[in-house]
Number of protein chains: 2
Amino acid sequence: MVKAEVPPIRIRDVAALAGVSPATVSRVLNMAPSVNSADRARVLTAVKALGYRPNRLAQNLRRQKTEMIGVVVSDIDNPHFATMVRALEGAAYSLGYRVLLCNTDGQAEKQRSYLEVLAAERVLGVVLSPSNPAGDEIGALLDLRIPVVAFDRPVTDPRADAVVADNRGAAVTATKLLINAGHKHIGFLSNPDLFTVSQRLAGYEDTMAAVGLRPCSLPGYSRIEEGASATSKLLDSSEGITALIAGNNSMALGALRALHARKIKVPEEMALVAFDDPIWAAVANPPLTVLAQPIEQMAESMVDLLQERIHGNRLEPRRLVVDFELRVRESCGTAQ
Amino acid sequence: MVKAEVPPIRIRDVAALAGVSPATVSRVLNMAPSVNSADRARVLTAVKALGYRPNRLAQNLRRQKTEMIGVVVSDIDNPHFATMVRALEGAAYSLGYRVLLCNTDGQAEKQRSYLEVLAAERVLGVVLSPSNPAGDEIGALLDLRIPVVAFDRPVTDPRADAVVADNRGAAVTATKLLINAGHKHIGFLSNPDLFTVSQRLAGYEDTMAAVGLRPCSLPGYSRIEEGASATSKLLDSSEGITALIAGNNSMALGALRALHARKIKVPEEMALVAFDDPIWAAVANPPLTVLAQPIEQMAESMVDLLQERIHGNRLEPRRLVVDFELRVRESCGTAQ
DNA sequence: CTGAAAGCGCTTACAG
DNA sequence: CTGAAAGCGCTTACAG
């Protein structure tokens with residue numbers, strides 16, 4: 001049996017059934033204040049009777065916008081972004097917005113392409129962790145009056161909002177924690193490709209220099225294997241390193257892998273401090289001391305910033321800086 | 001300085017500049033085979049000169065569809081879904097589709113609401129891990145000729161495709177692994193709310209029964225804390241349990257937490273096998289023996305299934321079952 | 001308060 | 001091969 005094609009119900013069908021014009025139906029559905037209550041009731045009845053659902057595509061064209069926000073991250077499979085995306089989705093959903101997810105793999109070209117799509121789709125706003133903070137398409141979005149809020153790293157266009165964590169300060173905290181515990185040879189697993197990690201590296205280097213210690217960092221480019229091999233190199237160097245700061249959670253995983261492979265005890269033989277607080281950090285071997293970002297709070301702030309812009313309540317850009325929180329567990333080897 | 005409002009360029013602007021009709025511009029842009037090559041060249045020049053980009057919203061209305069696929073999961077922050085979403089995004093992107101991300105928190109109501117949005121937006125297809133496999137909106141989607149492919153768990157509507165892993169078989173493998181290692185008292189951390197976990201539980205129970213062992217499971221509802229408390233209860237019971245199977249990765253994390261808290265050595269005092277292979281599993285304490293799903297392959301299959309439907313190349317529904325892969329590491333305590 | 005009409009920016013039969 | 005015209009399904013000044 002071939003299924004009969006059911007023609008979708010349009011606003012004019014509802015209007016006909018209710019005995020009013022399509023304009024009136026539209027007004028009722030869009031909460032226009034002034035509609036005769038008898039008409040209103042009949043419209044509502046007709047809507048229900050027919051199971052009418054407005055065609056979003058038509059609404060979008062008419063209004064020249066889409067009730068969607070674009071979320072652009074470099075890797076949704078990284079817990080940092082997964083947690084952020086989840087929080088953003090929750091905040092957006094409760095405001096009636098949907099999330100268009102854009103995964104860039106850290107490629108400027110993919111970011112460009114996605115931002116172009118977001119502009120073409122006339123999303124209400126964009127939240128992005130920029131792979132390419134100076135991309136023209138960011139300006140193009142803003143030209144279209146589509147608000148943009150950056151996280152992790154600000155973008156160069158001064159019209160964009162931003163919410164970033166104090167990466168430098170967090171690294172200072174981590175470094176001091178280890179210095180105060182008596183460590184003199186502290187290594188840092190870095191990633192020159194990531195702005196956040198570079199900021200952390202800078203905080204580490206300055207803190208080391210300030211107390212006359214020699215910084216010693218190695219780049220690992222964020223894949224777990226690279227974190228492991230950077231760790232190995234650091235261990236093989238003549239530095240006599242006794243403590244390690246992992247620039248991000250991939251590096252921490254890599255460091256753990258290398259340390260486990262060599263049967264080096266953490267924290268007894270090697271202290272470790274990491275950034276971010278993915279679900280596994282508290283049950284790692286040993287439980288990881290971390291500097292955690294307030295991801296939920298950042299997500300809410302970003303959606304709020306977007307909301308202000310969407311409603312035209314603010315013209316001047318804002319840059320929020322939020323603090324990390326130190327969560328001392330076992331890996332740093334200090335009781336506190 | 002107030003920025004001048006730049007009126008967006010429309011197809012008629014391009015047509016005027018190129019000295020042709022809007023229809024011709026449209027044909028050139030949509031690769032219609034037969035357009036005079038002189039006209040074609042002039043259109044392309046005009047497009048470039050004006051920086052014209054077709055208005056997607058108008059295209060969507062006209063075509064009554066959107067180049068988007070909806071992806072519906074219960075928790076993007078769970079590595080299982082994060083990895084799946086990433087793989088789906090990659091596969092979709094290379095086919096020119098975008099991903100509308102829908103996070104349901106496992107709530108039937110949120111699933112309903114999202115599927116309604118996806119229908120209203122006339123997405124090209126939907127991939128979902130169903131919270132509510134019998135939701136009417138799934139049928140509504142299919143009525144609109146929007147293909148649906150389920151994963152993790154099939155949906156009841158026979159017109160939907162599905163890609164599921166052999167959860168039952170994987171649990172049989174896990175249980176036999178432990179039985180062969182000599183364990184007689186094997187506990188299972190379950191979650192009656194999750195179809196996948198229930199399937200695994202069934203495989204475990206049958207395998208235990210088949211060799212005359214007494215199954216012993218405790219529900220934990222998937223939050224890490226609950227996994228931990230279920231583990232504690234199992235340890236406190238009089239069963240004398242020597243091995244544990246964690247029904248999913250949250251339960252595994254909870255089990256590890258409880259085991260660490262009690263200083264119970266894994267695998268010496270307690271063997272552990274888990275499902276899925278999140279990034280941290282290989283560096284957990286100890287590295288976890290797992291049954292891993294071929295997530296990437298599942299994602300590709302699902303996008304392929306969608307693609308066949310979108311192009312109308314297939315009418316009869318398909319259900320694919322894929323196998324887990326056993327990855328023996330240290331937590332099960334068998335050298336193999 | 002309400003309807004007729006225009007229009008959002010495209011695409012696509014239709015006619016030539 | 002190409003253009004004029006209709007139309008996708010809404011919303012919203014405009015007039016009454």
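None of the values given here were measured: they were computed from a predicted structure. Per chain, numbering begins at 1; letters A, B, ... match sequence-line order.
Of all the heavy atoms in B:Ala165 and B:Met298, the pair that sits closest is N-CE, 4.2 Å.
Atom C1' of nucleotide C:dC8 and atom CG of A:Leu57 are separated by 13 Å, given to the nearest angstrom. The distance between atom CD1 of A:Ile11 and atom C1' of C:dA4, rounded to the nearest whole Å, is 14 Å. Between the CZ atom of A:Arg63 and the C1' atom of C:dA6 there is a distance of 18 Å, given to the nearest Å. Nucleotide D:dC8 holds its C1' atom 14 Å from the CD atom of A:Gln59, rounded to whole Å. One atom, CG of B:Asn30, and another, P of C:dA13, lie 12 Å apart when rounded to the nearest Å. Atom pair A:Arg62:CZ and C:dG9:P shows a separation of 10 Å (rounding to whole Å applied). To the nearest angstrom, P of C:dC8 lies 11 Å from CG of B:Asp13. As rounded to whole Å, 5 Å separates atom P of C:dC10 from atom CG of B:Asn55.
Between A:Leu61 and B:Ser37, the residue whose closest nucleotide on DNA chain D is further toward the 5' end is B:Ser37.
C:dC1 and C:dA5 are spaced 23 Å apart, taking the P atom of each and rounding to whole Å. Separation of the P atoms belonging to D:dC10 and D:dC14 is 24 Å when rounded to the nearest angstrom. Separating the C1' atom of C:dG16 from that of C:dT12 is a span of 16 Å, rounded to the nearest Å.
Judged by distance alone, with hydrogens and angles left aside, B:Arg27 brings a side-chain donor or acceptor within reach of the base of D:dG3, the pair sitting under 3.5 Å.
Distances shorter than 4.0 Å separate none of the side-chain N or O atoms of A:Thr24 from OP1 or OP2 on C:dT2. At least one side-chain nitrogen or oxygen of B:Tyr52 sits closer than 4.0 Å to the OP1 or OP2 atom of C:dC10.
A:Arg98 places none of its side-chain heavy atoms less than 4.5 Å from the side chain of B:Glu121. Between A:Tyr93 and B:Cys102, the closest side-chain pair of non-hydrogen atoms is not below 4.5 Å.
Of the nucleotides present, none pairs with D:dA13 by Watson-Crick or G-U wobble criteria with both distances under 3.5 Å. In this structure, D:dA4 forms no base pair with any nucleotide, since neither Watson-Crick nor G-U wobble geometry is met with both distances under 3.5 Å.
Checking D:dC1, C:dT2, C:dC10 against every side-chain atom of A:Asp39, the shortest atom distance belongs to C:dT2. Counting only heavy atoms from C-beta on, B:Gln64 has its side chain closest to D:dG9 among C:dG9, D:dG9, D:dC10.
Judged purely by atom type and a 3.5 angstrom limit, A:Asp152 has no side-chain atom pairing as donor or acceptor with the backbone of A:Ser129.
The residue B:Asn60 sits apart from the nucleic acid: no heavy atom pair falls under 4.0 Å.
Remark: the A:Glu137 side chain and the A:Asn132 side chain contain no N/O donor-acceptor pair separated by less than 3.5 Å.
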